[in-house]
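Each chain gets a letter, A, B and so on, in the order its sequence line appears, and its residues count up from 1.
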Amino acid sequence: MPEMLEVEAARAVIEARALHRTIAEVVAPDAWYLKRGLNAPAVKRALKGRELVDARRRGKLMLVDTSNGGPVLGLHLGMSGRVVVDGVAAGDPLVYASNREVDAWHRFGLRFADGGTLWMRDPRRLGAVELDPDEDRLGPDAAEITRDELAHVVGRSRAPIKALLMDQSRIAGLGNLLVDEVLWRVGIDPARTANTLKADDVARLHRTIRQTLRTLGRRGGSHTGDMPRERDAHCPRDGAMLVRRTVGGRTTFSCPVHQR
DNA sequence: GATGACCTGTGA
DNA sequence: TCACAGGTCATC
C-alpha cells in the first residue's frame, strides 16, 4: 500500500486487533513474497508459538515485534498490499488497486490460536515479508524529521526536489501522491533542482510536510489531497491548467503558475 | 539520476 | 488491446 499514511492505518489495525494472540500457524504460500533468503520453513519456525507484542512503523516499512526474543517481522505493502485482521482492513479502500477479497491474493498470513487471522492481501505481489529488516536503510520518518535534517537532505543535491523527497534512504514515508500534494501546497515545482531551495523554502517545505501529513491522515489517506490528479484538471488555487509529466520516474501533476 | 524491470489488475 | 497504477531494485 502505499504511502506512510496507509501503512500507519495498517499499523493501527495490527496494534488494536492482532497483539498478544498466540500464532498457531504461519501461512506462506508464495515464496516470491519472502525476501532476503527467507523461506516458508524458516519463517514458520521463527514465528510459530509466539505473539505479536508491538507494531511500529518507519516510513512505509511496518515493524512488528514478537514475544520471547523473537524476530522483528517486517512487512512492505508495495503498491497494492493491505493488512487484514479478522476480516477488517485498515482505512479507506485503495483507489487504484482492487479491494475485492480473493483468497489467491493472500500472500502471507498468521493464524491465531483463537481462530482469527492476519492476512497480507496483495494482488500485484510487489509487497514483501522479511525478518529483522535493516531499519537503517531508511532515512528519518517524514512525520518526525527536523528542519535541520530536511535542510541536510536538500543540501547540495542536484536532483529534482521530488526525486529527493521520494528517496526513502533520505526521508522515509513520502510517495508519489503525498509529494505532489506537498509541493503543490508549498508552491515549489517538483522538477526544481533541490540545491536551489533557500533556507526559507526549506522551512516552509518542512512545515508543509508535517501539516499535509496531519490533514490527509485525518481525512483518510494519501489520495485525499486538494490537488486533482487528472488530465485536463485545473488548479483549485489559481485556475491554471495543471501540467502532467514524469519527474523522478513517476507521473507528476503540478501547477505551472504558483509552483516555481 | 534516469530508465527499465519486477507483477498483476483495472478501465478506457 | 493498451495505458496506467499510492513501490522498490538493479543497471546503464
Item to complete: Answer yes or no: does atom CZ of Arg56(A) have more than 12 heavy-atom neighbours from other residues, nucleotides or ligands under 6.0 Å?
Response: yes
Listed by chain and number, what are the side-chain hydrogen bond (donor to acceptor under 3.5 Å, both in side chains) partners of [X], not counting sequence neighbours?
X: Arg185(A); answer: Glu181(A), Asp226(A)
X: Glu15(A); answer: Arg11(A)
X: Arg58(A); answer: none

Can a side chain N or O of [X] be found less than 4.0 Å away from OP1 or OP2 on [N]?
X: Arg158(A); N: dG1(B); result: no
X: Thr251(A); N: dA5(C); result: yes
X: Lys60(A); N: dT8(C); result: yes

Worksheet item: For atom P, what is the distance between dT11(C) and dC7(B), given to the nearest Å?
Response: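 It comes out at 15 Å once rounded to the nearest Å.
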So if I take every side-chain heavy atom of [X] and compare against [options], which nucleotide ends up nearest?
X: Arg137(A); options: dA2(B), dC9(C), dG7(C); answer: dC9(C)
X: Arg231(A); options: dG7(C), dC4(C), dA2(B); answer: dC4(C)
X: Gln168(A); options: dA5(C), dT8(C), dC4(C); answer: dT8(C)

Spacing between [X] atom [atom1] and [N] atom [atom2], to the nearest angstrom:
X: Glu230(A); N: dG11(B); atom1: CD; atom2: P; value: 15 Å
X: Asp167(A); N: dA2(B); atom1: CG; atom2: P; value: 12 Å
X: Ile171(A); N: dT8(C); atom1: CD1; atom2: C1'; value: 17 Å
X: Met79(A); N: dT8(C); atom1: CE; atom2: C1'; value: 10 Å
X: Arg82(A); N: dG7(C); atom1: CZ; atom2: P; value: 15 Å
X: Glu3(A); N: dG7(C); atom1: CD; atom2: P; value: 5 Å
X: Leu61(A); N: dC9(C); atom1: CG; atom2: P; value: 10 Å
X: Leu165(A); N: dG7(C); atom1: CG; atom2: C1'; value: 16 Å

Between the protein and nucleotides 6-8 of chain B, which nitrogen or oxygen pairs come in under 3.5 angstrom?
{"residue": "dC7(B)", "atom": "O3'", "partner": "Arg125(A)", "partner atom": "NH1", "Å": "3.0"}
{"residue": "dC7(B)", "atom": "O2", "partner": "Arg124(A)", "partner atom": "O", "Å": "3.3"}
{"residue": "dC7(B)", "atom": "O2", "partner": "Arg124(A)", "partner atom": "NE", "Å": "3.3"}
{"residue": "dC7(B)", "atom": "N3", "partner": "Arg124(A)", "partner atom": "NH2", "Å": "3.4"}
{"residue": "dT8(B)", "atom": "OP1", "partner": "Arg125(A)", "partner atom": "NH1", "Å": "2.5"}

Fill in: From Gln259(A), Arg245(A), Arg192(A), Arg244(A), residue fulfilling side chain to side chain donor-acceptor pair (under 3.5 Å) relative to Ser254(A)
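Of the listed options, the one satisfying the test is Arg245(A).
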Practice prompt. Mind checking Ala163(A) for me? I need base, sugar-phosphate or nothing, with any heavy atom below 4.0 Å counting as a touch.
Written response: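 Answer is nothing: Ala163(A) stays at 4.0 Å or more from every strand.
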Worksheet item: Can you pull the side-chain hydrogen bond (donor to acceptor under 3.5 Å, both in side chains) pairs that have at least one residue in residues 232-243 of chain A, sequence neighbours excluded?
Response: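 Passing the test, one end in residues 232-243 of chain A: Asp238(A)-His258(A).
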Worksheet entry | Apart from Leu138(A) itself, residues in the same hydrophobic cluster as defined by side-chain heavy atoms under 4.5 Å | Leu61(A), Leu63(A), Val72(A)
Fill in: Apart from Val53(A) itself, residues in the same hydrophobic cluster as defined by side-chain heavy atoms under 4.5 Å
none
Item to complete: Determine the stems involving DNA chain B; a stem requires 3 or more consecutive pairs of the Watson-Crick or G-U wobble kind, each with both distances below 3.5 Å, and the answer is none if no such run exists.
Response: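 The stems that DNA chain B takes part in, listed by first number, are B:1-6 with C:7-12, B:8-12 with C:1-5.
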Discussion item. I'd like to know if Asp132(A) and Arg36(A) make a salt bridge, using a cut-off of under 4.0 Å between side-chain N and carboxylate O.
Written reply: no
Worksheet entry | Residues in side-chain contact (heavy atoms from CB on, under 4.5 Å) contact with Ala194(A), at least two apart in sequence or another chain |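 Residues passing side-chain contact (heavy atoms from CB on, under 4.5 Å) with Ala194(A): Val154(A), Ser157(A), Ile161(A), Leu164(A).
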